Structure formats: C-alpha cells, structure tokens
Amino acid sequence: MLDAKFVLENKDFVVKLTADRGIAVNLDEFVRLSEEKKTLLKKSEDLRCARNKSSELVSQYKRDKKDAAALIADAKKIGDEIQQLDDEIRRLDDRVRFALLNIPNLPHESVPVGKDSADNMIVRTWGAPTVFDFAPQAHWDVGTRLGILDFDRAAKITGSRFTVYLGAGARLERALINFMLDLHTKERGFCEVLPPFIANDVSLTGTGNLPKFAGDLFKLEGYPWYLIPTAEVPLTNYYRDEVVDGGILPRRLCAYTPCFRSEAGSYGKDIRGLIRQHQFNKVEMMVFSQPDSSFEELEWMTASAEEVLKRLGIPYRVVLLCTGDMGFASQKTYDLEVWMPSRNGYMEISSCSNCGDFQARRANIRFKREPKAKPEFVHTLNGSGLAVGRTVSAILENYQQADGSVVMPERLRPYMDGLA
RNA sequence: GGAGGGAUGGCCGAGUGGACGAAGGCGGCGGUCUUGAAAACCGCUUUCCGGGUUACCGGAACGGGGGUUCGAAUCCCUCUCCCUCCGCCA
C-alpha cells in the first residue's frame, strides 16, 4: 500500500509509474473520495466539540442540581447528526482504502521500463548451458524412469499438478532443503524459522495477496484461513503491528515451507513435471531492513540465492525484471533462471524482491532508529533460496547421463549419505 | 468439545456512568544535595489526526468492531487472543 498523502500530493508521478507497469490507475475517484472524507471528518469533529462542551455542562448542572433537560435534548440532536456523518465517513474510508490497496508498488528508478518478460534485462550469466553427447530427456521422463517421481499415482491420490517423490527422489528433495537451510543459516546470517503453513486473511492482506489475488489461494472452508502460497506470508507477518528496535535490523529470516497455489488461469501451462504444482517446497529468505540500505540487502539476498546454484553447479543467469513483469508489491526484482535442457532455455527458479515500505505499511511494521525516535516503516525484502522442486528438476536435467541415471552434484552428496 | 476467568500507558496495577488521558508503583528524563556516585527529596514523562510560524486550539485512542446514553475504561452485543479446570488427541 502506498502512503495516501503521498499519492494525493504526487498524483501525476503515481499515474506515470503505474502506467510503466502496464496498469492504468485512475486516481480521480480516490482523490474525490479523500477530499469528501476530509470535509465530513472536519464537520464531525466540530460537532463532537460542541457535544463534548454541552455534556460537560450537563454534568455541571447535575452536580448543582439544576434541570438539564433542554441541554440534553439539544445534545441528542447533535449526536444524531454525528452518527449520520460517521456512517458516511466509514463508507468513504472503506472505499478510499480499497482504492489504495489496489494500487501496485512504484518501481525503483533503476528498473528498466518495459512491457513483459521480453524487456527484462540480463544482468549476468554463470556457467554455460550444459552440453550432452546424447539427446537429453525432460526431468519428468528421467524421474519417472528412475522410479523416483510418480505423477500418475499423485493424480490418483489428489489430482493433476501434484507429485509423489519416492526413495532417492524424496531423499533428494529433503537433502536440498537441508543444504539450502544450512548455507543460509550457517554462512549467510539468516535465522531459521519454521512457521505455520496456514495464515489468516489479515496476514494475506499484509503481504498484498488479498484482496486482489484471492483466486490464486487455497482457502480453508469455514475459516478465514488460507494455505500459504509462500513463506513470505508468515515471515513478513512475523512482525506485523509491531515497532521493532532498530538495532535488530537488518533482520534476516529464512524458512522452509511447502507452498500452495491454485494456479487458476494457468491451465495448459507447464502441465508436465515439477514446474507448476499446486504444492511445492521452497526455502524462502526474508529481510527486514532499514530504508537506507534495502537495495544493498537486495544484492546480498540475491547473491545468497546464487550461491546455492553455484555450489550445485547449475548454470544460471540473473535477470532484472522490467516494470511490466514485476510483482504487485515489488519495487525491484531479480529473477534467477536456471538452464533447462528440456526447454533449451532458462527457467525461473528464484525471485528476489525489495518491496520497500509497501508491505510494511499494509502490515504496519515499524522500527525506531533510537529509543526515543519516531517509528518509521521498515523495508521488506523476500526471495526464494530456492524453489526446491524446480531445483530437483534442474538437477535431473543437467546432471542426467546417457544411461538414464543422474549424477549427484558433489556438494550435495554429504546430504545424500554419499550417494553419487 | 464442555465450564469458568481475563485483556487498561514502556512495564506492573487501580478504576462499575460525569472532575478520567486515566490513581499508585516501577522504569526513563531534568533538578536539589554530593568531590563523584548511590540514597533521599522535587518536577516532568503516551500516541495518532486536523488547524495555526511558536506558546496553543480541536478531535480520537483503555484488545478489535458494533450498540445503549446528553456523556462509556466502566453497561449491552460480537469477534480475536490469553489463562485455569475437565474431556480428547500426536
């Protein structure tokens, strides 16, 4: 959520930057409602002032044992008027807030302006696309033939877009989770968190998933609860409605969680394999930062995700998303894309974003520079480090052998009981 | 699942319709005293919104929301969270 006052004072700027994102924001309604609300609020406050004064008089009269009936009748009339005004103000306020919630974050000045993924900027590339002296298979074929992925039985148990990992496959998934968590916690200064996998509607609103993207979520029937689409939700909301001591910043958290997404509207896209599942595992990184250093934190976080791929020896590149391709809450986003032989191209495996104070304002997360200082909103950053299922698919494809077997990346072998 | 109890400022804790933005204590800040410190004593000590250059003025806030009332921390409804006991369960 943007600052209402900022939007009112910088209408053209907001319209221009959201237009860069390909979103036409009409602020007329927002401005009109805000002004109307302000006028009514002033009126209501003046009336309250009058009522407070006469109430005080009533109180005096009673103490002096004088008759206050006329005063009370008067005050009642004022009270009715206030009630009417307040009803109207409440309605206006809801609409103002709703309008504000539907405005996306403003892109940072370093973000290239563009329409879609074609306009993204490749920042750097690590490793060269894997070369094979045989025809490489897609990971779902590799995994199915090895008996470590079972899509058919998963479809029986639940439905499409689910997977059963079996034997070494399950072991690989678990090994990757541990490998990633160990790297982030032991070497990169993240604190490990194991949060709830279900979050309430207030939390989802704090991160920007609600109200606009309710259709992407799985909701629990009979509860205002949702399966988390990413650990970003519980991690960001960890400090919701708090004023934290500035001394704890930058606060770096990381968490392994499963993620649940309805993938509504993606029918026919990536239906095979592990790429687009209703349930997948992810290790998520989260940073609460001082506003002054959040973009440096973004570089650090992105480097942490890259380190995972470097150690696994998977070729990848870093892409700076253009204005049109960024997520709703983000100010600047780097995607990490790994080489996928089956597509003869790159595939997103991580997304690292600086949300600035956008989420912090929605979720009301503030900090104090000094104990006596005024609270300011923190900046929040989140990034995958990494999507585990996609990492499995990248390993199966890039490390496959002519005989259909898969060699384990060396750094992963200790996590696989030495299995090569 | 059943039965009770609770939520008040940075913290503890009083407050059952009007003088309460809220006693008292702790903590914090300033001062007196002291070579310095401690103790003692005195004073100050919430946040947000609107208006005025400043002193200031107005409004709001006692877990959230709604209601009763001229007036609500206080009465009613509702939601959330916490605690105790019973039952059940990993």
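Predicted model only: the values in this text are computed from it and were never measured. Values reported hereafter were calculated over all heavy atoms of this structure, with side chains retained and with hydrogens, waters and symmetry mates removed.
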For atom C1', what is the distance between C76(B) and A90(B), given to the nearest Å?
42 Å
Gap between atoms CG and P, on Asp94(A) and G66(B) respectively (whole Å)
10 Å
How many whole angstroms separate atom CZ of Arg97(A) from atom P of G65(B)?
13 Å
For atom NZ of Lys368(A), is the number of surrounding heavy atoms from other residues, nucleotides or ligands below 6.0 Å larger than 12?
yes
Taking everything shown except Lys219(A) itself, do over 12 heavy atoms lie less than 6.0 Å from its NZ?
yes
C82(B) and G24(B): how far apart are their C1' atoms, nearest whole angstrom?
26 Å
Between Lys374(A) and Arg90(A), the residue closer to the 5' end of RNA chain B by nearest nucleotide is Lys374(A)
Would you mind pulling out the nucleotide paired to A14(B), Watson-Crick or G-U wobble, both distances under 3.5 Å?
none
RNA chain B contacts among residues 73-88 of chain A, heavy-atom distance under 4.0 Å:
Ala75(A), Lys76(A), Gln83(A)
Arg51(A) CZ - G18(B) P separation (whole Å)
16 Å
Describe the nucleic acid contact of Lys62(A) in one word from base, sugar-phosphate, nothing, applying a heavy-atom distance below 4.0 Å.
base
Quickly work out the Asp64(A) CG to G18(B) C1' distance and round it to whole Å.
13 Å
For atom P, what is the distance between U46(B) and U68(B), given to the nearest Å?
34 Å
Considering only side-chain heavy atoms of Lys38(A), which listed nucleotide, G66(B), G51(B), G58(B), is closest?
G51(B)
In whole angstrom, give me the gap between the P atoms of C42(B) and U53(B).
41 Å
Taking the ring of Phe260(A) and the ring of His278(A), is the distance between their centroids below 6.0 Å?
no
Arg48(A) side chain near G58(B) phosphate (N/O to OP1/OP2, under 4.0 Å)
no
Check ion pair Glu35(A)-Lys38(A) (N to O, under 4.0 angstrom):
no
Any Lys53(A) side-chain N or O less than 4.0 Å from OP1/OP2 of G59(B):
no
Distance, C1' atom - from A7(B) to G50(B), rounded to whole angstrom
31 Å
Pair partner, U84(B) [Watson-Crick or wobble, under 3.5 Å]
A3(B)
Gap in Å between the two P atoms, one belonging to G64(B) and one to A72(B), rounded
16 Å
All heavy atoms of Leu92(A) vs all of Leu33(A), minimum pair found to be CD2-CD2, 3.4 Å
Mind calculating the distance between CG (Asp46(A)) and P (G59(B)) to the nearest angstrom?
9 Å
Look through every strand shown and name the nucleotide pairing with G58(B) as Watson-Crick or G-U wobble, where both distances are under 3.5 Å.
C49(B)
For the C1' atoms, the ones on G4(B) and on G9(B), what distance do you get once it is rounded to whole angstrom?
29 Å
Return the value, rounded to whole Å, for the distance between atom CG of Asp67(A) and atom P of C70(B).
14 Å
Centre-to-centre under 6.0 Å for Tyr346(A) and Tyr316(A), is that the case here?
no
Whole-Å gap separating P (C49(B)) and NZ (Lys37(A))
12 Å
Both conditions, 6.0 Å and 45 degrees, for the charged tip of Arg251(A) above the ring of Phe288(A): are they met here?
no
A40(B) pairs with, by Watson-Crick or G-U criteria that keep both distances under 3.5 Å:
U32(B)
Can we call the ring centroids of Tyr226(A) and Phe218(A) under 6.0 Å apart?
no
Of the options G59(B), G18(B), G50(B), whose atoms approach the side-chain atoms of Glu45(A) most closely?
G59(B)
Tell me whether Arg188(A) forms a cation-pi arrangement with Trp300(A), defined as NZ or CZ under 6.0 Å from the six-membered ring centre and within 45 degrees of its axis.
yes
Can you tell me the pairing partner of G71(B) across any strand shown, Watson-Crick or G-U wobble, with both distances under 3.5 angstrom?
none
By nearest-nucleotide position on RNA chain B, the 5'-leaning member of Ile72(A) and Lys5(A) is Lys5(A)
Can you check the Arg366(A) CZ to C48(B) C1' distance for me, whole Å?
9 Å
With a cut-off of less than 4.0 Å, is there a side-chain N or O of Asn52(A) near OP1 or OP2 of G18(B)?
no
Please give the distance between the C1' atoms of G15(B) and G6(B) as a whole number of Å.
16 Å
